[in-house]
Amino acid sequence: MMCCSEAKQCIVEYNNVVSLKDIHMPEKVRDAMQLMVAAERKKRAVITESEGQRASEINVAEGVKRSTVLRSEAHMTESINRAKGEAEAILSVAAARAKSIEAISKSLQSNKGMSAASLAIAEQYVEAFSKLAKESNTLLLPANTGDVSSMVASALATLNKVNKQLDSKSDSAPSEDLQKKHDDW
């Protein structure tokens, strides 16, 4: 074992292993080393803080992106569901209307069916006149308002006339209808 008192340090040697103990450095060297250690700590702290801030900003941006995508997907799903619901409602109404038209068609094929249709038309005729009377001061009445059967006959005659016109239009060629529309312009 050997000690060096000039440098105020002790060197201990055991089996070719050298160990330094009790080293006293000058204050300026020690202060410089402490400043270097402090600067390194500050540098690491600034780097760690900036990396944390960067990670935070990335997380916020990804959150905004995800919420925007989810909001868009929710809106799209809502629109699709609304459209499907409206389509189903239209199909349900159309199916119900088709059934009612089929039932009316079957009823009209019998004698009682025509009587029922006449009654329904008469009811609608009377209801339409009552609405007109409520809505305005001027009212156009048929000449024979006391005779309901003649009003129904008049309504049925008008209905038959309209049906005949529709039948004759469906028999004519489409190009003739287009030509008539063109001439009317």
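Because the structure is predicted, anything quoted here is derived from the model rather than measured.
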- Item | Enclosure of Gln34 CD (heavy-atom neighbours >12, cutoff 6.0 Å) | yes
- Query: How far does OG1 of Thr77 sit from NZ of Lys84, to the nearest 0.5 angstrom?
  - Reply: 9.5 Å
- Note on the structure: Taken in chain and number order and not counting sequence neighbours, the residues that satisfy side-chain contact (heavy atoms from CB on, under 4.5 Å) with Glu27 are Arg30
- Atom CD of Glu51 and atom CD of Glu49: how far apart are they, to the nearest 0.5 Å? 11.0 Å
- Message: Using salt bridge (charged side-chain N to carboxylate O under 4.0 Å, His left out), reason through Glu102 and Lys106 one step at a time and then give a plain yes or no.
- Response: CA-CA 6 Å; Glu102 186 177 327; Lys106 286 181 183 178; 3.5 Å; yes
- Message: Which residues pass the side-chain contact (heavy atoms from CB on, under 4.5 Å) test with Lys43, not counting sequence neighbours?
- Response: Glu40, Ile47
Listing, residues 61-76 side-chain donor-acceptor contacts under 3.5 Å, not counting sequence neighbours, or none:
residue, atom, partner, partner atom, Å
Ser67, OG, Gly63, O, 3.3
Ser67, OG, Val64, O, 2.9
Thr68, OG1, Val64, O, 2.8

